[in-house]
Amino acid sequence: VAASMSISIVINGALWGMMACHHMTPRHVSYSVRSACDVLAQILGAHVQGLEARLRSQRIDAAATIRARAVES
């Protein structure tokens, strides 16, 4: 690998993951392409954050249902 570029995916101020791009020959990536990649990473991070929030809400709802059934029993 002669060229690589990594893009951080940050959620709630913490590194959640990374996208890594590699090429077998040296490459120059323009500022506009790097900026576009940064925007895509931010969009992906926001989407993942929304999915995680939805899952957390579903788990909280499920736990509340189980608690209510236990109290009724």
Quiz item: Would I9 and M19 satisfy side chain to side chain contact (heavy atoms under 4.5 Å, CB included), going step by step from the backbone distance to the final call?
Solution: CA-CA 8 Å; I9 301 168; M19 290 187 285; 4.1 Å; yes
Quiz prompt | Worked check of side chain to side chain contact (heavy atoms under 4.5 Å, CB included) between L40 and L44 | solution = CA-CA 6 Å; L40 287 174; L44 178 60; over 6 Å; no
Self-check item: Audit row: V48, W16, side chain to side chain contact (heavy atoms under 4.5 Å, CB included) steps and yes/no
Solution: CA-CA 9 Å; V48 169; W16 181 85; 3.6 Å; yes
Self-check item: R34 atom CZ, over 12 foreign heavy atoms within 6.0 Å
Solution: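 More than 12 within 6.0 Å, yes.
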Quiz item: Can you name the closest pair of heavy atoms from A3 and P26 and give their distance?
Solution: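 Taking every non-hydrogen atom into account, CB-CA, 4.1 Å.
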Quiz item: For the residue pair S8 and L15, what are the closest heavy atoms and their distance?
Solution: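 In this case the closest contact between S8 and L15 is CB-CD1, 3.8 Å.
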Quiz item: Do M18 and I7 have side chains that get closer than 4.5 Å, going by heavy atoms?
Solution: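 With C-beta onward as the side chain, the pair stays apart.
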Practice problem: Taking the side chain as every heavy atom from C-beta outward, state whether M5 and C37 have any pair of such atoms under 4.5 Å apart. | Solution: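 Yes; the side chains approach each other to less than 4.5 Å.
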Quiz item: Can you name the side-chain hydrogen bond (donor to acceptor under 3.5 Å, both in side chains) partners of N12, sequence neighbours left out?
Solution: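 Partners of N12 under the side-chain hydrogen bond (donor to acceptor under 3.5 Å, both in side chains) test: Q49.
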Practice problem: Could you tell me which residues satisfy side-chain hydrogen bond (donor to acceptor under 3.5 Å, both in side chains) with S32, sequence neighbours excluded, listed by chain and number? | Solution: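 In terms of side-chain hydrogen bond (donor to acceptor under 3.5 Å, both in side chains), with neighbours along the sequence ignored, S32 is linked to S30.
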Quiz item: Got a second to check how far S4's OG is from R27's CZ, nearest 0.5 Å?
Solution: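 Those atoms lie 13.0 Å apart.
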Contacts table for residues 53-73: side-chain donor-acceptor under 3.5 angstrom, sequence neighbours left out:
residue : atom : partner : partner atom : Å
T65     : OG1  : D61     : O            : 3.0
S73     : OG   : R69     : O            : 3.0

